[in-house]
Amino acid sequence: MKILALTRDPRFSPNSVENDRAILMAVARRLHSQGHEVAVRAETEVAADCDVCLTMGRLPATLAGLKRLQRQGVRVVNTPLSVENCTRSTLTRLMQVHGIPMPPSDLPPFWLKRGDASAQSPADVVYCQDEAALAEAIGRFRARGVAHHVVSSHVVGDVVKFYGVGCDFFRCYYPTDDGQTKFGDEHHNGPAHHYIYNKEEMHSQVVRLAAITGLEVYGGDAIVRPDGTFCIIDFNDWPSFARCRDEAAEAISQLVSKGM
């Protein structure tokens, strides 16, 4: 099989360019070792000469090109529609409609997040202590040309980062335990207390959200409250899997191979 692997534009990999590329290359190496022809290109280089396309791309032009590939019968992982479903405004609506556990939005302090695309800088995810700070932050968004935003309440508890591939591969980590962080926002929740929670239930809810959005390779963040209940605060396409790269690369390569 001819496989095209598209890297992510650096603007969508703040503080994660090398890690994002590393997982894609790890998958590419495994598929090449299985005898497949694998070409790794920038996401702006969508080409039709492939049977399968693995993509971390998020640019509108990339997604449009991937839709053309799909119409030509190319299998795309993750599909462009699933990536579009993970823009925060769309994702929030889907979670509300389907009853996925998520934070409330009416109690301070708040988190303000851009709604039209994934975060590209720390300015796209803002902690606001009260309604006055929230209004000021929304004003800064508008001044930057960010017309769509999502507001959620801050939830007290342990930050848990999860990674998934298909229905079976699921791993969870506490970012405050190992210090790996993108923007450092975890400090608002403090060090993890390791509250007891139902990991199987979290896995079930995450897999359900993956099915709703259409993602096959995904990751995100949840908050586990002191009483063990949890809510999902972030969900996105093809994370770096930095904490479990080798395991994830194997799972992704198997996912691709099974679909051939």
Side-chain angles (χ1 to χ4, degrees), residues 1 3 5-6 8 19-20 22-24 26-31 34 36 51-58 63 66 69-70 73-88 90-102 118 158-175 196-224 228-260:
M1 302 288 284
I3 299 173
L6 298 178
R8 179 169 290 154
N19 281 336
D20 280 352
I23 179 61
L24 190 67
V27 175
R29 286 193 295 270
R30 281 166 172 77
L31 292 170
Q34 295 171 14
H36 302 293
D51 303 296
V52 178
C53 179
L54 309 181
T55 173
M56 302 182 82
R58 291 176 177 170
L63 299 180
L66 294 173
L69 288 188
Q70 285 186 299
V74 175
R75 183 186 176 198
V76 180
V77 181
N78 289 301
T79 67
L81 177 59
S82 69
V83 176
E84 291 172 342
N85 282 339
C86 286
T87 57
R88 291 193 188 276
T90 302
L91 181 65
T92 298
R93 177 179 57 79
L94 290 173
M95 292 177 69
Q96 290 171 337
V97 168
H98 293 276
I100 300 295
M102 58 188 295
S118 300
D158 290 343
V159 179
V160 175
K161 181 167 286 294
F162 58 80
Y163 303 102
V165 179
C167 295
D168 298 325
F169 182 90
F170 186 68
R171 300 289 185 273
C172 294
Y173 302 88
Y174 295 95
I196 296 173
Y197 70 100
N198 188 328
K199 185 176 179 179
E200 289 72 25
E201 175 62 16
M202 183 181 289
H203 183 191
S204 175
Q205 292 290 351
V206 169
V207 167
R208 194 159 72 90
L209 183 54
I212 291 166
T213 58
L215 290 184
E216 297 181 85
V217 182
Y218 51 87
D221 298 275
I223 301 292
V224 177
T229 61
F230 64 86
C231 60
I232 296 172
I233 62 170
D234 193 19
F235 190 69
N236 50 72
D237 62 291
W238 209 310
S240 67
F241 294 94
R243 297 170 174 85
C244 53
R245 184 178 298 135
D246 289 341
E247 285 183 281
E250 183 61 29
I252 296 169
S253 64
Q254 290 179 10
L255 176 79
V256 174
S257 297
K258 288 178 181 178
M260 291 179 177

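- In the model, Gln70 has no side-chain atom that pairs as donor or acceptor with a side-chain atom of Thr79 under 3.5 Å.
- Judged as a side-chain hydrogen bond (donor to acceptor under 3.5 Å, both in side chains), and not counting sequence neighbours, Asn85 has no contacts.
- Once rounded to the nearest 0.5 Å, the distance linking OG of Ser240 with CG of Leu24 reads 12.0 Å.
- By the 4.5 Å heavy-atom criterion applied to side chains, Lys199 and Tyr197 are counted as neighbours.
- Gln205 and Arg208 share a donor-acceptor pair across their side chains, judged by distance under 3.5 Å alone.
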Query raised in the report: Is there a side chain to side chain contact (heavy atoms under 4.5 Å, CB included) between Val159 and Tyr174 once you walk through the steps?
Result: CA-CA 6 Å; Val159 179; Tyr174 295 95; over 6 Å; no

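- The CD1 atom of Ile100 sits 9.5 Å away from atom CG of Leu91, with the distance rounded to the nearest 0.5 Å.
- With a 4.5 Å cut-off on side-chain heavy atoms, Glu247 and Phe241 do not count as touching.
- Ser82 and Leu215 make their closest contact through OG-CD2, 3.2 Å (heavy atoms, listed as atom of the first residue, atom of the second, distance).
- Using a 4.5 Å cut-off on side-chain heavy atoms (C-beta onward), Tyr218 and Asn236 make no contact.
- Not one N or O on the side chain of Arg171 forms a donor-acceptor pair closer than 3.5 Å with the backbone of Tyr163.
- A donor-acceptor contact shorter than 3.5 Å links the side chain of Asn78 to the backbone of Val217.
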Report task. Apply the test side chain to side chain contact (heavy atoms under 4.5 Å, CB included) to residues Asp158 and Phe230: give CA-CA distance (whole Å), side-chain angles for both, the deciding distance (0.1 Å), then the verdict. Result -> CA-CA 9 Å; Asp158 290 343; Phe230 64 86; over 6 Å; no

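- Put simply, the side chain of Arg58 gets close to the backbone of Asp237: a donor and an acceptor are under 3.5 Å apart.
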Report task. Please report the C-alpha distance between Ile233 and Met102 in whole Å, then the side-chain angles of each, then the deciding distance to 0.1 Å, and finally whether the side chain to side chain contact (heavy atoms under 4.5 Å, CB included) criterion is met. Result -> CA-CA 6 Å; Ile233 62 170; Met102 58 188 295; over 6 Å; no

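- With salt bridges taken as basic N to acidic carboxylate O contacts below 4.0 Å, one links Glu216 and Arg75.
- Inter-residue side-chain proximity for Leu63 and Val83 is flagged as met; some heavy-atom pair is nearer than 4.5 Å.
- A distance-only check finds a donor-acceptor pair linking the side chain of Ser257 to the backbone of Ser253 [under 3.5 Å].
- Side-chain contact between Val160 and Tyr173 is absent, with no heavy-atom pair separated by less than 4.5 Å.
- Rounding to the nearest 0.5 Å gives a distance of 12.5 Å between SG of Cys244 and CZ of Phe162.
- Put simply, the side chain of Cys86 does not reach to within 4.5 Å of the side chain of Trp238, judged on heavy atoms.
- Side-chain contact between Thr213 and Leu81 is absent, with no heavy atoms from C-beta onward closer than 4.5 Å.
- Residues forming a salt bridge (Lys or Arg N to Asp or Glu O under 4.0 Å) with Arg245 (at least two apart in sequence, or on another chain): none.
- Heavy-atom contacts from other residues, nucleotides or ligands closer than 6.0 Å to CG of Asn198 number more than 12.
- Taking CG of Leu54 as the start and CG of Leu31 as the end, the distance is 6.5 Å to the nearest 0.5 Å.
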Query raised in the report: Do Leu6 and Met56 pass the side chain to side chain contact (heavy atoms under 4.5 Å, CB included) test, and can you show the C-alpha distance, the side-chain angles, and the key distance before you say yes or no?
Result: CA-CA 6 Å; Leu6 298 178; Met56 302 182 82; over 6 Å; no

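- Ionic pairing of Asp234 and Arg88 is present here: one or more N-O contacts between side-chain nitrogen and carboxylate oxygen are shorter than 4.0 angstrom.
- Using a 4.5 Å heavy-atom threshold, the side chains of Gln34 and Ile3 count as separate.
- No side-chain donor-acceptor contact under 3.5 Å links His203 to the backbone of Phe169.
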